Amino acid sequence: MPCQDSPGIRFTYNATVSVPNDLLALMSAENPEVKNSKGIYHFKQIHPIPSYLLALAVGDIEFKAVDKRTGIYAEPSVLAKAVYEFADMGKMVNAAEKLYGPYRWGRYDLLVLPPSFPFGGMENPNLTFITPTVIAGDRSLVSIISHELAHSWSGNLVTNATWNDFWLNEGFTNYFERRIDEAIFGKTEAQIQEEFAKRLWKMQLRKWEIQVRILI
């Protein structure tokens, strides 16, 4: 640290993090699944990543596996609900591999953050950060996982060289998200999600138009 903030500049990393022994540290790398008595954790990210994908979280966090290569990290009060909500994670990874080739990052896990987390999700390698507000109890908002998972290919492996072309990152990922949803939940669900996205896009365009008129 510090690192160049450009998607075209990538690096591998090793890290050692020391925290109070009642807390667990996690990074966008290979992660522990349980706390240790010393509170010292070692991390390794063997794939080159840009600096915006370097992530660290520390808290009273527990882990539960969904299948052999996916699982959920969350605070104890949230963990059971999150495991139920995101039970299709493994199926999503399998469907994505059939569409776009091998998942190259080893594990794909989620960390459910506190409600103050200001985004829906963040596609940190190995460990997607996710808002608890998508835990609806009926798995109706899990397409966000399809999106963050899709970034494991479009964005985290291959992406735009500069921020000027960021649309390449999100554009391909949105398309890939729809294909994963279609494979898991059917074509109708994918079309519904696409319609929601179009409406949000049109709403945003209207906001920008209003802002431009005010400036003019």
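Everything quoted here is computed from the prediction, not taken from an experiment.
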Which heavy atom of Ile72 sits nearest to which heavy atom of Ala82, and what is that distance?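 Nearest heavy atoms, Ile72 then Ala82: CG2-CB, 3.8 Å.
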
Of all the heavy-atom pairs spanning Leu127 and Leu110, show the shortest one and how long it is.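 Result for this residue pair: CD1-C, 3.9 Å.
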
Do Trp153 and Tyr103 have ring centroids that are under 6.0 Å from one another?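 Judged by ring-centre distance (under 6.0 Å), Tyr103 and Trp153 do meet the cut-off.
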
Before we go on, tell me: are the rings of Trp163 and Tyr52 under 6.0 Å apart, centre to centre?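 Centroid distance Trp163-Tyr52: below 6.0 Å, so yes.
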
So does Lys81 pair up with Glu85, basic N to acidic O under 4.0 Å? no

Under a 4.0 Å N-O cut-off, is there an ion pair linking Lys35 with Asp60? yes

Check whether any side-chain N or O of [X] sits under 3.5 Å from a backbone N or O of [Y] as a donor-acceptor pair, and report yes or no.
| X | Y | result |
| --- | --- | --- |
| Thr159 | Asn156 | no |
| Gln45 | His47 | yes |
| Asp88 | Met92 | no |
| Asp109 | Gly71 | yes |
| Arg179 | Ala190 | no |
| Arg107 | Lys68 | yes |

Dump the intermediate steps for side chain to side chain donor-acceptor pair (under 3.5 Å) on Asp181 and Ser146, then the final yes or no. CA-CA 7 Å; Asp181 286 343; Ser146 301; 2.7 Å; yes

More than 12 heavy atoms of other groups within 6.0 Å of Gln4 CD: no

For the OH atom on Tyr175, are there more than 12 heavy atoms of other groups (residues, nucleotides or ligands in this structure) within a distance under 6.0 Å? no

Under the 6.0 Å and 45° cation-pi test, does Arg69 pair with Tyr108? no

Kindly confirm or rule out a cation-pi arrangement of Arg178 over Phe176, judged by NZ or CZ under 6.0 Å from the six-membered ring centre and within 45° of its axis?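 Arg178 over Phe176 ring: no.
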
Any chance you could lay out the ring pair (Phe, Tyr, Trp, His ring centres under 6.0 Å) test for Phe196 and Trp201, step after step, and finish with the verdict? CA-CA 9 Å; Phe196 286 157; Trp201 173 66; over 10 Å; no

Sub-4.5 Å side-chain heavy-atom contact between Pro125 and Trp105: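 They are in side-chain contact.
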
Quick one: list whatever passes side-chain hydrogen bond (donor to acceptor under 3.5 Å, both in side chains) with Tyr100, sequence neighbours left out.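 For Tyr100, no residue satisfies side-chain hydrogen bond (donor to acceptor under 3.5 Å, both in side chains) once neighbours in sequence are set aside.
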
Applying side-chain hydrogen bond (donor to acceptor under 3.5 Å, both in side chains), can you list everything that pairs with Tyr13, at least two apart in sequence or on another chain?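 If we apply the side-chain hydrogen bond (donor to acceptor under 3.5 Å, both in side chains) test to Tyr13, skipping adjacent residues, the hits are Ser28.
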
Among Phe86, Phe63, Phe129, find the residue that satisfies the ring-ring contact (aromatic ring centres under 6.0 Å, His included) test when tested with Tyr73. Phe63

Gap between atom CE of Met89 and atom OG1 of Thr70 - 0.5 Å precision: 4.5 Å

Parallel under 30°, tilted from 30 to 60°, perpendicular over 60°: which one fits the rings of His151 and His147?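 Answer is perpendicular, since the angle exceeds 60°.
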
